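Okay, so here's the structure we're looking at.
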Protein chains: 2
Amino acid sequence: MPYKPTGFSSHDHDGCIAQGMQAAEAFCAAKGLQLTPVRRRTLEILLQAHEAMGAYDVLARLSQDGFGDKPPVAYRALAFLQDHGFVHRIERLNAFVACARPGADHDPAFMICRSCGKVAESELSGSGLTASARESGFVIEQTVIEAEGLCPGCQP
Amino acid sequence: MPYKPTGFSSHDHDGCIAQGMQAAEAFCAAKGLQLTPVRRRTLEILLQAHEAMGAYDVLARLSQDGFGDKPPVAYRALAFLQDHGFVHRIERLNAFVACARPGADHDPAFMICRSCGKVAESELSGSGLTASARESGFVIEQTVIEAEGLCPGCQP
DNA sequence: TCTTGTCTTGTTATGTTATAACGTTCATTC
DNA sequence: GAATGAACGTTATAACATAACAAGACAAGA
Ligand SMILES: [Zn+2]
Ligand SMILES: [Zn+2]
Ligand SMILES: [Zn+2]
Ligand SMILES: [Zn+2]
């Protein structure tokens with residue numbers, strides 16, 4: 001069943017924050033991972049923002065909340081969240097977004113509006129790429145799929 | 001006709017350098033663009049390397065050749081080449097590669113070996129992404145498609 | 001209990017990537 | 001021969017990211 005991206009449309013945002021936190025809690029509990037205060041707060045910040053944030057922006061929020069204010073504090077929390085799929089990195093923006101489909105095992109793709117900066121998470125296409133990889137003997141482990149353009153609200 | 005990536009296999013490299021330079025010259029002549037010495041040399045450097053290079057690595061080569069040694073020198077030349085499709089940026093690596101299909105109007109995809117660092121240019125798949133974009137009203141202008149994994153020579 | 005090891009957080013310091021802003025040169029155009 | 005615009009170079013700074021070390025928490029095992 002196709003996933004309907006919510007990035008550009010209004011939605012129950014409180015619900016999607018709660019859902020994201022719950023998914024992370026459940027996952028960590030199940031796997032014996034430590035969702036510590038910094039990590040938890042970092043995820044909350046990204047879920048609340050519901051847009052891509054730079055590591056230093058996240059860091060500023062964290063330090064406001066009494067956590068450390070040095071880059072590694074943010075980068076480490078983000079790395080943890082990223083490693084376990086709660087957060088994705090947007091290479092094109094050097095920024096991070098909370099996963100829009102927490103819990104689902106997926107290979108995300110993104111649409112990035114160059115006008116308003118909003119980012120929507122979508123599904124992986126793959127097809128042509130995997131075919132080309134197979135043909136050349138390349139083994140794909142991870143993919144970066146990011147489309148840049150104009151979101152519905154930013155078109156003339 | 002499908003494009004056969006040469007990134008991971010041996011090939012007529014002198015030929016591919018010459019072809020890349022000729023394509024750029026022809027294109028610039030046709031469009032009235034200035035393929036100035038720095039720009040030309042920057043493209044040569046990337047074609048010769050035949051792998052992704054960071055802007056500062058390119059800059060080091062340029063300055064050896066008597067060009068400026070400050071970042072904007074490299075970034076500007078790279079931006080020109082990128083704007084006209086002679087060079088692609090690899091977001092995942094914060095690096096640049098010469099286009100493997102100079103002259104062809106294309107939307108590139110890349111395979112990046114995490115072991116040896118080689119990068120092969122391939123074709124765009126799109127499909128799933130364009131479908132998702134259409135559904136949500138997003139207008140795609142550019143895509144970043146980068147697969148990371150192991151090239152044929154680096155597999156166990 | 002004491003010790004040992006692992007994990008987490010924090011700090012200092014530094015490294016890497018990228019751009020803003022300004023001045024100069026040179027060719028084109030009026 | 002002034003005005004315009006493109007390209008290049010410089011200075012300075014911004015933005016992004018990590019290496020390396022110290023200290024506390026806590027559990028496993030001697
Ligand atoms: Zn996701
Ligand atoms: Zn928009
Ligand atoms: Zn080649
Ligand atoms: Zn390899």
Side-chain angles (χ1 to χ4, degrees), chain A residues 24 28-29 31-46 51-84 86-97 112 114 117 119 144 146 148, chain B residues 24 28-29 31-43 45-46 52-84 86-97 112 114 117 144 146:
Chain A
C28 289
K31 300 258 184 176
L33 300 170
Q34 304 187 43
L35 190 59
T36 62
V38 218
R39 292 170 177 175
R40 162 182 274 278
R41 183 65 189 127
T42 300
L43 179 55
E44 272 177 9
I45 287 167
L46 284 172
E51 65 183 26
M53 293 180 74
Y56 280 71
D57 296 328
V58 172
L59 179 58
R61 301 285 204 91
L62 287 174
S63 84
Q64 279 173 17
D65 293 354
F67 297 100
D69 65 345
K70 307 300 188 307
V73 169
Y75 280 103
R76 282 197 288 233
L78 289 166
F80 171 87
L81 295 169
Q82 203 186 334
D83 285 348
H84 298 101
F86 307 129
V87 157
H88 303 298
R89 176 180 169 85
I90 310 293
E91 298 292 342
R92 185 62 192 264
L93 303 177
N94 294 333
F96 302 83
V97 265
I112 305 166
R114 69 164 160 81
V119 173
V144 174
E146 298 171 3
E148 192 167 18
Chain B
C28 289
K31 301 257 182 179
L33 300 170
Q34 304 186 45
L35 189 58
T36 61
V38 217
R39 292 170 175 175
R40 162 181 273 278
R41 183 66 191 126
T42 300
L43 179 54
I45 288 167
L46 283 173
M53 293 180 73
Y56 282 75
D57 296 329
V58 172
L59 178 59
R61 301 284 205 91
L62 287 174
S63 85
Q64 280 172 17
D65 294 353
F67 297 100
D69 64 344
K70 307 300 188 304
V73 169
Y75 280 103
R76 282 197 288 233
L78 289 166
F80 171 87
L81 295 169
Q82 201 186 336
D83 285 348
H84 299 101
F86 307 130
V87 157
H88 303 297
R89 176 179 169 85
I90 310 293
E91 299 292 341
R92 187 62 192 264
L93 303 177
N94 293 332
F96 302 83
V97 266
I112 305 166
R114 68 164 159 80
V144 174
E146 299 171 0

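In what follows, chains carry the letters A, B, and so on, assigned in the order in which the sequence lines appear, proteins first and then strands, with residues in each chain numbered from 1. Since the structure is predicted, the reported quantities are computational estimates derived from the model, not experimental observations.
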Worksheet item: Whole Å only: how far is the OH atom of Y75(B) from the P atom of dT16(C)?
Response: 12 Å
Worksheet item: Using a heavy-atom distance cut-off of less than 4.0 Å, which residues of residues 57-73 of chain A contact DNA chain C?
Response: F67(A), G68(A), D69(A), K70(A), P72(A), V73(A)
Worksheet item: What pairs with E148(A) under side-chain contact (heavy atoms from CB on, under 4.5 Å), at least two apart in sequence or on another chain?
Response: R92(A), R114(A), Q142(B)
Fill in: Nearest-0.5 Å distance, NE2 of residue H88(B) to CG of residue L78(B)
13.0 Å
Practice prompt. Go through DNA chain D in 5' to 3' direction and return only the first and the last nucleotide with some atom under 4.0 Å of chain B's heavy atoms.
Written response: dA6(D) to dT11(D)
Worksheet item: Heavy atoms under 4.0 Å, any strand shown: does R76(A) hit a base, just sugar-phosphate, or nothing?
Response: base
Response to the item:
Interatomic distance, CD@E146(B) vs CZ@R89(B), rounded to 0.5 Å, equals 9.0 Å
Response to the item:
When rounded to whole Å, the CG to C1' distance for the pair L35(A) and dC7(C) reads 15 Å
Practice prompt. Select base, sugar-phosphate, or nothing to describe what F80(B) touches, counting heavy atoms under 4.0 Å on all strands.
Written response: nothing
Worksheet entry | Whole-Å distance separating the CD atom of Q34(B) from the P atom of dT28(C) | 9 Å
Discussion item. What's the separation between atom CZ in F80(B) and atom OG1 in T42(B), rounded to the nearest 0.5 Å?
Written reply: 10.5 Å
Worksheet item: F86(B): what forms a ring-ring contact (aromatic ring centres under 6.0 Å, His included) with it, not counting sequence neighbours?
Response: F27(B)
Item to complete: Only counting residues at least two apart or in another chain, list the ones meeting side-chain contact (heavy atoms from CB on, under 4.5 Å) with R41(A).
Response: E44(A), I45(A), Q48(A), L62(A), D65(A), F67(A)
Response to the item:
Partner of M53(A) under side chain to side chain contact (heavy atoms under 4.5 Å, CB included), picked from L59(A), V97(A), V58(A), is V58(A)
Response to the item:
Quick note, side chain to side chain donor-acceptor pair (under 3.5 Å) partners involving residues 66-82 of chain B, not counting sequence neighbours, are none
Item to complete: Could you tell me the separation between the CD atom of E91(A) and the P atom of dT17(C), rounded to a whole number of Å?
Response: 14 Å
